[in-house]
Amino acid sequence: MVLVRMSQLYAPTLREAPAEAEISSHALMLRAGLIRKLVSGVYSYLPLAYRTLRKIEDIVREEMNRAGGQEILMSAIQPAELWIESGRWNDMGSEMFRLKDRNGRQFCLGPTHEEIFTFLIRDEVRSYKQLPLLLYQIQTKYRDEMRPRFGLIRAREFIMKDLYSFDIDEAGLERSYEKMYEAYCRTFERSGLEYVVVEADTGTMGGSASHEFMVVTDTGEDLIAKCSKCGYAANIEKAECVAPKGLNADRVEIDGENPKEVITPNIKSIDELSSFLGKSGKDMIKTLIYLADGQPIAALVRGDREINEIKLKNFLSAFTLELADEATIMEVTGGPLGFSGPIGLTGIKLVADEEVPFIQDAVVGANQRDKHLINVNYGRDFSADNIADIRKAVEGDACSKCGEPIEVVRTIEVGHIFKLGTKYTSALGATFLDENGRERPMIMGCYGIGVTRTMAAIIEKNHDEKGIIWPFSVAPFHVTIVPINIKNSEQKAAAFKLYKECLNNGVEAVIDDRDERSGVKFNDADLIGFPIRITVGPRSLKEGKVEIRLRQSGKEIQVPLGSAVEKIKTLIKEAVIYEDRCSDSGI
RNA sequence: CGGGGCGUAGCGCAGUUUGGUAGCGCACUUGGUUUGGGACCAAGGGGUCGGAGGUUCAAAUCCUCUCGCCCCGACCA
């Protein structure tokens with residue numbers, strides 16, 4: 001190991017955070033000299049960051065290998081042909097960085113690698129005897145995000161571990177998936193990250209099941225619903241809502257007043273309608289006109305609810321779903337935007353949320369300008385073609401598993417695992433011969449961990465007002481040795497002696513040999529977040545001692561110079577015992 | 001892509017309303033005094049004011065176009 005002197009280390013720290021950094025992890029990575037931005041969403045990883053990234057990668061690597069994965073490395077450049085074969089050349093849209101070679105042949109910078117992994121194995125793997133096969137890489141991915149943000153949380157270039165499993169049947173996929181699930185848990189535990197696993201939507205990846213590994217933090221981009229009682233957790237896009245009970249949706253005993261027109265001048269939103277009529281949004285039905293694969297449909301939810309477009313899209317089995325423009329609304333409903341309602345809507349499919357039939361004497365749009373209808377009841381005045389769970393879950397909703405109220409919290413997605421099935425293997429012709437000599441497509445799974453995003457999430461979860469607090473397992477260095485005054489020969493000699501001893505004992509250390517005031521060095525140490533700081537100063541040195549301070553707790557102890565390294569080794573071991581235990585559990 | 005904001009020294013900002021030829025703090029260099037939680041004194045270096053065009057005797061400042069960056073939204077393995 002080489003001497004690392006703070007005076008030489010390229011870790012330019014900043015007193016003030018650049019104005020562009022909005023969240024702690026981003027600001028701290030810039031301030032602590034971990035990263036610098038090249039362009040929007042593209043960053044350079046400086047020595048401290050790169051050391052941590054390699055540590056995270058090593059943990060990932062160990063866990064992938066343990067689970068039977070074999071590491072390979074593929075190019076970031078991929079030919080368009082394979083994406084055209086899978087149908088995703090168009091599906092990925094402008095999120096894909098595309099380029100052409102000198103002959104005009106089209107390529108992309110890989111946003112993900114299902115196609116080329118499948119291509120890699122399709123001609124070589126011919127027999128069930130070669131399966132299961134788990135291949136992975138840790139590599140740079142490119143996505144031209146429409147809105148990069150939060151530093152490394154949503155970048156356009158990022159490091160990712162992606163593993164792909166190929167199995168002979170569903171049972172095999174199930175086993176591979178379980179292994180990966182387990183490996184992910186261990187990876188994040190070892191990285192010092194608290195996480196929750198949630199059920200997730202499979203999105204454009206396709207496939208039957210999927211789990212996301214989420215880190216709960218106020219600055220996260222994803223919302224999840226979780227139940228503290230039974231532990232059920234799901235991405236908000238996926239979180240099921242429980243249909244209301246008690247009332248019978250097919251009730252016939254409605255004998256109140258008939259629907260009546262009311263004049264609602266220029267009242268378009270539920271809020272406006274609510275204050276105009278003095279009624280709650282709960283007593284209204286919101287009717288939204290969507291284009292599903294280009295065909296207009298009407299979606300109905302309670303006035304105070306929001307449509308979950310993912311649920312609606314999945315329910316309709318549509319490829320695309322978007323709100324209809326005003327012209328389409330006029331054409332379909334006969335009225336302008338803001339006055340749509342279910343009564344008299346003909347020729348288009350009506351999908352109502354499960355709550356809709358239970359709204360009594362509801363307010364709905366009249367499909368005419370400035371008019372709404374009151375006293376509207378489902379079953380008597382209108383009915384829907386389908387009733388389905390299409391609303392967004394909200395805080396306090398009943399848990400779909402146990403009925404207790406759910407919590408909605410913000411999270412960062414650090415890992416995502418999918419059961420893909422045969423979507424890619426069929427499209428790309430990755431087949432094998434089974435025991436009976438029959439040709440079958442392989443059953444595929446894919447499993448991603450955002451390495452750079454994980455680093456950001458670790459900081460997001462482990463910092464205070466002074467800076468980063470690295471968990472031992474991913475800290476760029478375990479120890480920083482700080483001589484109070486480097487010009488004092490006694491301190492300097494003691495500090496370097498200690499430092500060499502650290503190196504000889506495999507303790508990862510730096511020495512802050514800068515001719516700075518102690519305050520500057522202490523503050524930088526806190527900012528960078530070394531788990532242990534050893535202060536070599538006149539106070540304790542006159543008794544032959546040095547001070548060991550823990551970043552996490554702020555606890556400080558004095559130990560004789562001669563036994564400092566032993567003490568540190570013990571401290572590191574204690575922090576690492578947990579990792580060992582974790583590594584030995586399970587399999 | 002829609003809405004909003006911002007581009008002036010490495011970082012944080014003032015100056016723009018009312019045009020007159022660029023400034024503050026931190027950082028940096030040199031010398032000195034200091035040295036246990038971001039020292040002090042002195043002397044310095046560093047900016048085609050994002051870019052292009054225009055108006056004007058004169059543009060950081062006014063006009064037009066353009067590029068970049070950030071935030072909110074829509075989107076997303």
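The figures that follow rest on heavy atoms only: side chains count, while hydrogens, waters and symmetry mates do not. Protein chains get the first letters and strands the later ones, always in sequence-line order, with residue 1 at the start of each.
In this structure, A:L14 atom CG and B:rC28 atom P are separated by 12 Å, rounded to whole Å. Per the geometry, CZ belonging to A:F97 stands 18 Å off P belonging to B:rC76, to the nearest Å. Computed from coordinates, the A:E465 CD to B:rG38 P distance equals 15 Å when rounded to whole Å. Across the protein-nucleic acid pair, A:K37 atom NZ and B:rC70 atom C1' stand 8 Å apart, rounded to whole Å. Protein atom CE of A:M146 is 11 Å distant from nucleotide atom P of B:rA74, rounded to whole Å. One can place CZ of A:R154 at 12 Å from P of B:rA74, the figure rounded to the nearest angstrom. In this structure, CG of A:N90 is placed 16 Å from P of B:rC76, rounded to the nearest angstrom. Atom CD of A:E22 is separated from atom P of B:rG73 by 12 Å (rounded to the nearest Å).
Between A:R15 and B:rA27 there is a side-chain N or O to OP1 or OP2 distance below 4.0 Å. For B:rC70, the OP1/OP2 oxygens have a side-chain nitrogen or oxygen of A:S40 closer than 4.0 Å.
Checked against B:rG36, B:rA39, B:rC76, the side chain of A:E237 finds its nearest nucleotide in B:rC76.
Within the shown strands, B:rC67 is the pairing partner of B:rG7 under the Watson-Crick or G-U definition, both distances less than 3.5 Å. Nucleotide B:rU29 is matched to B:rA43 when pairs are restricted to Watson-Crick or G-U wobble geometry with both distances under 3.5 angstrom. Searching all strands for a Watson-Crick or G-U wobble partner of B:rA74 with both distances below 3.5 Å returns nothing. Using N1 to N3 plus N6-O4 or O6-N4 for Watson-Crick, or N1-O2 and O6-N3 for G-U wobble, each under 3.5 Å, B:rC49 pairs with nothing. When both distances must be under 3.5 Å, the Watson-Crick or G-U wobble mate of B:rG38 does not exist. Figure legend. B:rG12 is base-paired to B:rC24; pairs are counted as Watson-Crick or G-U wobble with both atom distances under 3.5 Å.
Going from the C1' atom of B:rC76 to that of B:rG12 covers 34 Å, rounded to whole Å. Of the P atoms belonging to B:rU61 and B:rG45, the separation is 27 Å, rounded to the nearest Å. Here the separation of B:rG50 from B:rG15, taken at their P atoms, is 15 Å to the nearest Å.
Judged by distance alone, with hydrogens and angles left aside, A:R31 brings a side-chain donor or acceptor within reach of the base of B:rG38, the pair sitting under 3.5 Å. For A:R149 against B:rC71, no side-chain N or O and base N or O form a donor-acceptor pair under 3.5 Å. Side-chain to base pairing of A:D526 with B:rG37: one donor and one acceptor N or O lie within less than 3.5 Å of each other. Counting atom types as modelled, A:R533 pairs a side-chain N or O with a base atom of B:rG37 as donor and acceptor under 3.5 Å.
Heavy-atom distances under 4.0 Å link RNA chain B to A:E547, A:R549 of residues 541-554 of chain A, given in residue order. The stretch residues 487-495 of chain A touches RNA chain B through A:K487, each having a heavy atom under 4.0 angstrom from the strand.
When all heavy atoms are compared, the tightest approach of A:A239 to A:A234 is CA-CB, 3.9 Å.
Ring geometry for A:F97 against A:Y142 counts as perpendicular: the plane angle is over 60°, on a 0 to 90° scale with 30° as the lower cut. Ring geometry, A:H416 versus A:F418: the interplanar angle falls under 30°, so the pair is classed parallel (tilted spans 30 to 60°). Ring pair A:H211/A:Y181 is perpendicular by interplanar angle, where above 60° counts as perpendicular and below 30° as parallel. Aromatic ring orientation, A:Y195 versus A:F213: tilted (interplanar angle from 30° to 60°).
With values rounded to the nearest 0.5 angstrom, A:E81 atom CD is found 12.0 Å from A:S86 atom OG.
The 5' end of RNA chain B is approached more closely, in terms of each residue's nearest nucleotide, by A:G537 than by the other of A:D222 and A:G537.
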Show me the donor-acceptor pairs, under 3.5 Å and distance only, between side chains in residues 544-552 of chain A and residues at least two apart or in other chains.
| residue | atom | partner | partner atom | Å |
| --- | --- | --- | --- | --- |
| A:E547 | OE2 | A:S540 | OG | 2.6 |
| A:R549 | NH1 | A:E556 | OE1 | 3.2 |
| A:R551 | NE | A:I468 | O | 3.3 |
| A:R551 | NE | A:D526 | O | 3.0 |
| A:R551 | NH1 | A:D464 | OD2 | 2.9 |
| A:R551 | NH2 | A:D464 | OD1 | 2.8 |
| A:R551 | NH2 | A:G467 | O | 3.3 |
| A:R551 | NH2 | A:I468 | O | 3.4 |
| A:R551 | NH2 | A:D526 | O | 3.1 |

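Side-chain rings of A:Y164 and A:H113 stay apart, their centers remaining 6.0 Å or farther from each other.
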Report the C-alpha distance between A:H463 and A:E460 in whole Å, list the side-chain angles of each, state the deciding distance to 0.1 Å, and finish with yes or no for side chain to side chain donor-acceptor pair (under 3.5 Å). CA-CA 7 Å; A:H463 72 272; A:E460 204 58 49; 5.2 Å; no
